[in-house]
Amino acid sequence: MKLICDGLDLSDAVLKVSKALPAKTPNPVLEGIKIKAEGDKLTVTATDTELTISKTIKAEVLMDGEAVVVGRYFIDFVKKLEKEQIELSRLYDGQLQIKYSDSESELQVYPVESYPVIKKDDDENFFELKAEELKDVVEKTVLACSADDSRPILKGVLFEVEGDTLTAVALDGFRMSVVKKEVKGSGNFKAIIPARTLNEIIRVIEKEGETVKVRLQKNTLYLQVEDTEVYSRLIEGEFVKYSHILPTSFENVVTVNKDAMLGSLERATIVAKNDRYNIVKFEIKEDVMTVSSKSEIGYVTENVPITLKGKDLVIAFNGKYLTEYLKIIKDSHVSFNFNSPIDPCIITPAQKNEFIYLVLPVRINI
């Protein structure tokens with residue numbers, strides 16, 4: 001193998017794929033980054049067997065070939081060569097030679113034959129949507145994913161495609177997020193995609209307006225965005241029957257300006273941080289909602305104008321869960337739908353129903 005490439009392109013590629021390197025592994029070859037020179041391109045790949053990221057860059061390939069170089073050292077090294085033209089050569093003694101300006105270095109490599117092989121299946125289910133729409137789905141669902149290893153099924157987002165509708169669902173036992181989008185697909189199917197994978201996918205999407213095709217094959221997800229490919233193992237198992245959790249009718253509906261509500265919540269949550277559950281209380285009466293919190297460091301009480309359909313209500317929530325939701329909402333107004341101080345609350349954009357956010361209240365002594 002022998003090639004010449006731009007240092008900035010190479011640095012960008014290895015940094016992007018490095019997100020798939022394992023933090024700790026008993027298999028040393030997984031600590032490596034695979035580089036493959038073929039035609040006029042160099043493909044850089046990293047994997048921990050659960051998540052794989054590959055990026056292809058332009059290169060002057062003098063000899064086709066491949067090598068698996070020690071990942072962390074390679075990343076740090078090429079970051080210092082972003083302004084250089086770099087020549088990479090696989091030497092006969094097994095080392096990777098790096099030439100730049102009038103200098104050269106060598107790095108250790110692993111056996112290529114020991115590196116995992118990713119196989120693509122042409123017979124797969126798929127759906128397509130715009131890059132910004134996929135980003136929107138991910139941002140609105142991963143916040144509700146669980147981080148608890150005892151229930152791995154909740155560490156991912158359910159993607160359910162029926163006809164031309166994608167329904168994405170995430171929940172952690174305290175809140176649930178449901179997002180719907182129109183897509184083009186190959187049929188009806190379900191898949192549970194790890195939250196970690198989805199977060200990496202939106203990091204590799206750099207341009208809006210383009211169509212992203214998400215393929216699902218057996219227990220693997222495959223996605224390509226420009227010159228970057230992402231493979232991920234799906235989470236196996238039966239997801240929670242989320243439709244049974246959603247209330248179908250409400251006694252009280254509060255409509256409020258999103259920015260006014262978010263400002264009050266953020267200030268109340270600062271005080272509530274000293275409380276284990278970040279408790280923020282809402283006293284709803286006619287055209288005003290009083291937002292309050294208290295802890296050993298002090299208290300906050302603010303009045304926010306609202307439109308109320310229903311009766312007066314006192315209810316409390318973990319303020320962190322509500323602020324995270326309001327920060328990602330672009331709509332000017334949102335609706336809080338209640339039945340009682342102990343029943344789940346459903347929050348939706350006031351004018352749309354494509355995003356449903358369910359939050360369980362915190363019981364308090366009123």
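The figures that follow rest on heavy atoms only: side chains count, while hydrogens, waters and symmetry mates do not.
- Between S264 and E302, the shortest heavy-atom distance links the atoms OG-OE1, 2.7 Å.
- Without hydrogens or angle criteria, D331 side chain to H333 main chain gives no donor-acceptor distance under 3.5 Å.
- By the ring-ring contact (aromatic ring centres under 6.0 Å, His included) test, F336 pairs with no residue at all, sequence neighbours left out.
- Side-chain contact, T25 with N27: no donor N or O sits under 3.5 Å from an acceptor N or O.
- In this structure, a donor-acceptor pair under 3.5 Å is absent between the side chains of K2 and S89.
- The backbone N or O of A170 lies less than 3.5 Å from no partner atom in the side chain of T141, so there is not a single donor-acceptor pair.
- No continuous path of hydrophobic side-chain contacts links V359 to V169 [ILVMFWY only; heavy atoms under 4.5 Å].
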- S105/Y100 under side chain to side chain donor-acceptor pair (under 3.5 Å): CA gap, chis, key distance, verdict: CA-CA 9 Å; S105 302; Y100 47 96; 3.1 Å; yes

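- Judged by distance alone, the side chain of Y357 and the main-chain N or O of Y321 form a donor-acceptor pair under 3.5 Å.
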- Item | Check against ring pair (Phe, Tyr, Trp, His ring centres under 6.0 Å), F317 and F282 | CA-CA 8 Å; F317 297 97; F282 301 86; 5.7 Å; yes

- Show your working on side chain to side chain donor-acceptor pair (under 3.5 Å) between T301 and S292 and close with a plain yes or no. CA-CA 4 Å; T301 300; S292 63; 5.0 Å; no

- Task: Quick one: do D312 and I284 satisfy side-chain contact (heavy atoms from CB on, under 4.5 Å)? Show the steps, please.
- Result: CA-CA 5 Å; D312 296 351; I284 302 164; 5.8 Å; no

- Applying side-chain contact (heavy atoms from CB on, under 4.5 Å), run through K327 and E266 and close with a yes or a no. CA-CA 10 Å; K327 282 180 179 179; E266 286 180 320; 3.1 Å; yes

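- Checking each of L3, L8, D9 against C5 for a side-chain contact (heavy atoms from CB on, under 4.5 Å) leaves exactly one that passes, namely L3.
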